[in-house]
Amino acid sequence: MGLNRGAEARATPFPAAVLAVDAGNSKTDAALIGADGTVLGTGRSGGFQPPRSGVEAAVDVLGRAVAEAARAAGPPGAPPGGPYAAHVSACLANADLPVEESRLADAIGARGWGGTTEVRNDTFAVLRAGLADTGTPYGVAVVCGAGINCVGVAPDGRTARFPALGRISGDWGGGSGLAGEALWWAARAEDGRGGPTELASAVPGHFGFASMAALIEALHLGSVAYERTHELVPLLFAVAAAGDPVASAIVERQAGEVVAMASVALRRLGLLGEDVPVLLGGGVLAAGHAQLNGAIAAGLAEVAPRARVSVVAAPPVLGAGLAGLDAVGVSPEAYGKLRAHFG
């Protein structure tokens, strides 16, 4: 994780104890939190994608959510720009390598939003949101949203992580991967290179086309934005649930990838045989698809029979906030108040 202490020596009193930021590929949430766990203000902005936009432009996106949270916290007429909190706890998508966490911590710290700044990958937000607030927090979290990633933390603080950089780092799945598979199998079913599947009619039908050939042309020429293919993920699960063998095989493969990541993390940390939480988060897993989540639970039961699998339904910004409270040191009651705010 990346830590920046650039503003630590400032004498300026901080209105809040923690500025929590959770940023995914599609949206950013920010929350200003008092030392007693009270949420003083929240804000939201767009997706955080430094590989596409560059670091400074991506941090500008965070800044819009932070500014909205600051305005909500007040007081009216307070000067913009911060500092807003004693500590900034940021859990960010696309902060996949330790060097990226460090660079982002420096870039965010330079904005002067807080006294100290700590950046973690967004998997840590799901992990922290699902862990208890007393004792030594440890467990494994798998996030399956636009992509897929996993992190594990042992009782002694050791971590197990994956680069999560797509195919170059051995990853498969997440929303973009599942949508791509639905398109691939539908195209091959229509032209005869693959076996029959209901995806061949359901996929083009979703976009108002009678054939995959027409949809392929529309995607290629831009009359249908390729970004819309993420809409195919719920469709894929619906076709699988109706019994289509091709769609079901894709869902089963995604379950296998989640099980593989979680079991490897557990093995690296020496926790395969322990009573340990395995937490599932991200849009694909939080949607509660029975076939996917059931296959994950069954697969983990075979390799880690004492693991306790659960879905983290709370927003990840809660995890960023709890990690921030860990860093500044607060009463046990503060954790409960923060959790209650986010349901």
Side-chain angles (χ1 to χ4, degrees), residues 1-23 28-44 62 65-66 68-75 78 82-92 95 101 105 108-109 111-139 141 151 153-157 159 277 279 281 312-343:
M1 64 191 69
L3 179 64
N4 180 284
R5 302 180 183 275
E8 195 171 27
R10 293 180 182 176
T12 306
F14 299 107
V18 172
L19 168 59
V21 180
D22 172 77
T28 296
D29 285 318
L32 283 164
I33 304 164
D36 66 348
T38 299
V39 175
L40 307 173
T42 61
R44 174 167 285 189
L62 305 185
V66 171
E68 184 177 316
R71 287 193 297 270
Y84 302 116
H87 181 69
V88 179
S89 173
C91 295
L92 309 176
E101 291 175 331
I108 294 170
R111 301 295 176 107
W113 296 336
T116 56
T117 299
E118 191 164 22
V119 170
R120 302 174 176 89
N121 181 264
D122 58 344
T123 51
F124 284 92
V126 172
L127 180 64
R128 185 62 189 87
L131 297 180
D133 301 321
T134 57
T136 303
Y138 68 95
V151 66
V153 177
D156 60 7
T159 62
L279 307 163
V312 177
V317 71
L318 169 62
L322 293 170
L325 294 183
D326 293 339
V328 300
V330 296
S331 69
E333 292 76 19
Y335 292 98
K337 183 174 286 189
L338 182 59
R339 285 192 183 276
H341 177 90
F342 288 106

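Numbers here are sequence positions counted from 1.
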Point to revise | Closest non-hydrogen atom pair, Thr42 against Ala31 | key: CG2-CB, 4.1 Å
Check your understanding: Of all heavy-atom pairs between Arg339 and Asp133, which one has the smallest distance, and what is that distance?
Key -> NE-OD2, 2.8 Å
Revision key, fill the gap. Tightest non-hydrogen contact, residues Gly321 and Ile33, listed as CA-CD1, 3.7 Å
Review point. At their closest point, which heavy atom of Tyr138 faces which heavy atom of Pro277, and how far apart are they?
Key: O-CG, 3.4 Å
Check your understanding: Can you check whether Asp36's main-chain N or O pairs, donor with acceptor, with Glu333's side chain at less than 3.5 Å?
Key -> no
**Study point:** Interatomic distance, Phe124 atom CZ to Glu118 atom CD [nearest 0.5 angstrom]
**Key:** 9.5 Å
Check your understanding: Are any non-hydrogen side-chain atoms of Leu322 and Leu131 less than 4.5 angstrom apart?
Key -> no
Exercise for review: Identify the heavy atoms of Ala30 and Leu19 that sit nearest to each other, and give their distance.
Suggested key: CB-CD1, 4.4 Å
**Study point:** Rounded distance [0.5 Å steps], CG in Leu127 versus CZ in Arg120
**Key:** 10.0 Å
Exercise for review: Taking salt bridge (charged side-chain N to carboxylate O under 4.0 Å, His left out) as the test, write out the residues that go with Asp22, two or more places apart.
Suggested key: none
Check your understanding: Does the side chain of Leu92 come within less than 4.5 Å of Leu62's, by heavy atoms?
Key -> yes
Point to revise | Under 3.5 Å donor-acceptor, Arg128 side chain and Leu318 backbone | key: no
Practice item. Indicate yes or no: at least one non-hydrogen side-chain atom of Tyr335 is less than 4.5 angstrom from one of Asp326. Key: yes
Revision key, fill the gap. Shortest non-hydrogen pair, Pro15 vs Pro83, comes out as CD-O, 3.7 Å
**Study point:** Check: Asn121 and Val151 side chains under 4.5 Å, non-hydrogen atoms
**Key:** no
Check your understanding: Hey, are the side chains of Pro137 and Val153 touching, using non-hydrogen atoms and a 4.5 Å cut-off?
Key -> no
Review point. Donor-acceptor pair, Ser89 side chain versus Ala320 backbone, under 3.5 Å?
Key: yes
